[in-house]
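To keep things clear, I will list the structure first and then write my remarks on it.
In listed order, ligands and their atoms are each counted from 1. Note that the structure is predicted; figures quoted are calculated from it, not measured.
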Amino acid sequence: MNRTSRVFVAGHRGLVGSAILRRLEAEGYENLITRARAELDLTDQRAVDDFFLRERPEYVCLAAAKVGGILANSTYAADFIRDNLQIQTNGIDSAYRHGTRKLLFLGSSCIYPKHAPQPMKEEHLLTGPLEPTNEPYAVAKIAGIKMLQAYRRQYGFRGISLMPTNLYGPGDNFHPQDSHVLPALIRRFHEAKETNQPEVVVWGTGTPRREFLFVDDLADAAVFLMGRYDDEGIVNVGVGEDVPIRELAELVRDVVGYRGEIVFDPSKPDGTPRKLLDVTRLHGLGWRAKTPLAEGIARTYRWFLEHRDRMRG
Ligand code: GDP
């Protein structure tokens, strides 16, 4: 992949796609291809195939997906499995049919079994039952991984699959119910500060542990691996450290500058107790995350403040 390559970034308005696009633009890529949802519906097989026939992207970053937090995954379970299967099947198959040289697919750490040993290694895939709160999403992502492995074996198609840990950053979804924990807490602490509320409610018990990767670091890893990695094995992309939700809430509180109390609501689901990726393979390939959590939260909070007025929900 070089600066004149025709690169299609699918999902360029989302958290991950926008970060990959920013990264490629900053490196001087001249032939970046993007389509807004109104221009190209990635769940529409014929539309996707027509698009690939006309544009013939040489490289594809498949960052389009239906995503959401613990509550959205159970509320919209059918949408999550259908939309993700359609988007990835259409994208992968059309890329193969129309001569794409290499495709990057993004999974998620939730593809690993609920009780996988921690930290979770790539070989733990399909060794046990999944966490029920996001099983439909995880099953779709596992199908994408297996599809790329099969396309590589049968057709020699070069697809690579990265498994990022929980991501956050500029462009995140800050919806109060449907978002992931980090943007949800940024918004909740900010609004509590603005309206002088005495306490902020955090879902669950505060004891589950999660690993958080700043999305610009993921984009850096994606471009790095597009250039240097070409194998069917999945690659975890994380920071190698996790924090309890309680500690995350305290960090967000401090960044936002809120002075009230934190209260936990154990009637909300905790989800899986721990989700930490083993990043030995990634480190072996020569890449490490750079952005410390407190700095990433501060940058995300700044983005939130700048875009607050235009946010939905
Ligand atoms: P998960 O990693 O798939 O479980 O996704 P989430 O980011 O939605 O949730 C991570 C953890 O944060 C879970 O234990 C949640 O219960 C907890 N959590 C605490 N407050 C919130 C919140 O306001 N929104 C979300 N989504 N999760 C929260």
Hey, what's the ring geometry for Tyr155 with Tyr96, parallel, tilted or perpendicular (30° and 60° as the breaks)?
-> parallel
Heavy-atom donor-acceptor pair, Thr89 side chain to Gln86 backbone, under 3.5 Å | no
Assess whether atom CZ of Arg56 is packed by more than 12 heavy atoms of other residues, nucleotides or ligands within 6.0 Å.
-> yes
Flag the pair Arg35 and Glu55 as a salt bridge only when some basic side-chain nitrogen lies within less than 4.0 angstrom of an acidic carboxylate oxygen.
-> yes
Verify whether one side chain among Tyr151 and Asp93 offers a donor that lies under 3.5 Å from an acceptor in the other.
-> yes
Heavy-atom proximity to atom 15 (C) of ligand 1 ranks first, among Pro176, Pro208, Gly271, Pro269, for Pro269
Is the side chain of Thr100 donor-acceptor paired with the backbone N or O of Pro57 at a distance under 3.5 Å, no angle test?
-> yes
Would you indicate whether Glu241, at its atom CD, is surrounded by more than 12 heavy atoms from other residues, nucleotides or ligands within a distance under 6.0 Å?
-> no
Qualifying residue for side-chain hydrogen bond (donor to acceptor under 3.5 Å, both in side chains) with Asp278, from Gln118, Lys121, His124 | Lys121
Answer yes or no for Arg188: is there a heavy-atom contact with ligand 1 below 4.0 Å?
-> yes
Identify the closest protein heavy atom to atom 11 (C) of ligand 1: which residue and atom is it, and at what distance?
-> Ile245 CD1, 3.7 Å
With backbone taken as N, CA, C and O and side chain as the heavy atoms from C-beta onward, which portion of Asn134 lies under 4.0 Å from ligand 1: side chain, backbone, both, or neither?
-> side chain
Hey, is Lys275 one of the residues with a heavy atom under 4.0 angstrom from ligand 1?
-> yes
Here the atoms of ligand 1 under 4.0 Å from any heavy atom belonging to Ala184 are 22 (C), 23 (O), 24 (N)
Salt bridge flag under 4.0 Å for residues Glu191 and Arg187 = yes
Look at atom 26 (N) of ligand 1 and find which of Ser179, Ala72, Cys110 reaches it with the closest heavy atom.
-> Ser179
For ligand 1, which atoms sit closer than 4.0 Å to a heavy atom of Gly69?
-> 8 (O)
Closest protein heavy atom to atom 18 (N) of ligand 1, given as residue, atom name and distance to 0.1 Å = Val181 CG2, 3.5 Å
Considering only non-hydrogen protein atoms, determine which one is nearest to atom 5 (O) of ligand 1 and report residue, atom name and distance to 0.1 Å.
-> His180 CD2, 3.8 Å
Atom 2 (O) of ligand 1: closest protein heavy atom, distance to 0.1 Å, is Arg210 NE, 2.7 Å
Atoms in ligand 1 flagged as close to Asn166, the criterion being non-hydrogen separation under 4.0 Å = 2 (O)
Among protein heavy atoms, which lies nearest atom 14 (O) of ligand 1, and at what distance?
-> Asp270 O, 2.6 Å
With a cut-off of 4.0 Å, which atoms of ligand 1 are near a heavy atom of Ile70?
-> 4 (O), 8 (O)
Of the choices Tyr137, Trp203, Phe264, which has the non-hydrogen atom that lies closest to atom 25 (C) of ligand 1?
-> Trp203
Would you check if the side chain of Ser5 reaches a backbone N or O of Asn2 as a donor-acceptor pair within less than 3.5 Å?
-> yes
